[in-house]
Amino acid sequence: MQVVPPISPSVNTAEARAIQQQLRTRVRLEPCPSPVTRVAGVDVGFEQAGAVTRAAVVVLSYPDLQPLAAAVARRPTEFPYVPGLLSFRELPALLDAMGRLEVTPDVVLCDGQGIAHPRRFGIACHLGVTLDLPAVGVAKSRLVGTHETPPDEKGGQAVLLDGDEQIGVVLRTRTGVKPLYISPGHRVTMADSVRLVLGCTHRYRLPETTRCAHSLASHGCWPSRVAGQPVDTAAAVYR
DNA sequence: GCGACAG
DNA sequence: ATCTTGTCGC
């Protein structure tokens, strides 16, 4: 897919926060365009003791969740991990990978927060706004906000609040596992976000999109099975 | 000053 | 995120 200008050059943490305050005005939480037929998942891993960032993006058919395409990209790591500024560390490599994609997804599920962020601008917002693509934040742990314990059953939910503002949903994707922190990133509603995550989830805690992206980013290959089906590596090409 | 803190 | 083997539980 066509990815426009790179991302911000080397910035310091103060500048990064200022950029977030500026870009947050571009976030639009509106109904996700329908129908959704292609869902992407993105994730990053590191090599050379963190010196190199490896990003992966996969595209699955929806709601079938069968592999359609994927892309991987590597580039020097130029920003440290700072809570609240994750996108400045991972987005450059992710955009490189997105640029190598042959097909354009209808929505992207990101590994990290959407608006459930101190400045309401997590990595899902940054990626979504940058590509003007619908994006959802799917985090494995909490960054900000308070919540009750969601019911211990698949689909169990609890509202994630920052004061009196709802910034996300704490979602149990399967019985007996730690819940995920879901929040809109761009061009999706809170309800769309939960629906899409559940729609992409099968037998594991993480949605299939995230599982595939993580597998490609850290192991360099697809999982043996996606949504319960053996993967046809030949059809799911990537470069 | 003392914790908390996506990946 | 990453360094790393076995092990407890459904």
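Chain identifiers are assigned alphabetically (A, B, ...) following the order of the sequence lines, protein sequences preceding nucleic acid strands; residue numbering begins at 1 within each chain. Given the structure is predicted, the values throughout are model-derived calculations rather than measurements.
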Quickly work out the [X] [atom1] to [N] [atom2] distance and round it to whole Å.
X: A:L109; N: B:dG7; atom1: CG; atom2: C1'; answer: 17 Å
X: A:Y181; N: B:dA6; atom1: OH; atom2: P; answer: 11 Å
X: A:R119; N: B:dA6; atom1: CZ; atom2: P; answer: 13 Å
X: A:Q113; N: B:dC5; atom1: CD; atom2: C1'; answer: 11 Å
X: A:Q20; N: B:dA6; atom1: CD; atom2: P; answer: 14 Å
X: A:I123; N: C:dA1; atom1: CD1; atom2: P; answer: 12 Å
X: A:I115; N: B:dA6; atom1: CD1; atom2: P; answer: 18 Å
X: A:L86; N: C:dA1; atom1: CG; atom2: C1'; answer: 10 Å

Are there over 12 heavy-atom neighbours, none belonging to A:R26, within less than 6.0 Å of that residue's CZ?
no
Quick check on [N]: is either OP1 or OP2 less than 4.0 Å from any side-chain nitrogen or oxygen of [X]?
X: A:H214; N: B:dG7; answer: no
X: A:K140; N: B:dG7; answer: yes
X: A:S141; N: B:dG7; answer: yes

Assign [X] to base, sugar-phosphate, or nothing according to its heavy-atom contacts below 4.0 angstrom with the strands shown.
X: A:Y81; result: base
X: A:G50; result: nothing
X: A:L85; result: base

Using the rule given for side-chain contact (heavy atoms from CB on, under 4.5 Å), can you reason through A:H117 versus A:I123, listing the C-alpha separation, both sets of side-chain angles and the distance that settles it, and then say yes or no?
CA-CA 9 Å; A:H117 176 279; A:I123 191 168; over 6 Å; no
Run A:D106 and A:T37 through side-chain hydrogen bond (donor to acceptor under 3.5 Å, both in side chains) and show every step you take.
CA-CA 7 Å; A:D106 296 314; A:T37 64; 3.0 Å; yes
From B:dG7, B:dC5, B:dA6, pick the nucleotide closest to the side chain of A:R142?
B:dC5
Which nucleotide in the list B:dA6, B:dG7, C:dA1 gets nearest to the side chain of A:P83?
B:dA6
How are the rings of A:H126 and A:F121 set relative to one another: parallel (under 30°), tilted (30 to 60°) or perpendicular (over 60°)?
tilted
Within the distance-only criterion (no hydrogens, no angle test), does the side chain of A:R174 pair as donor or acceptor with the backbone N or O of A:R203 below 3.5 angstrom?
yes
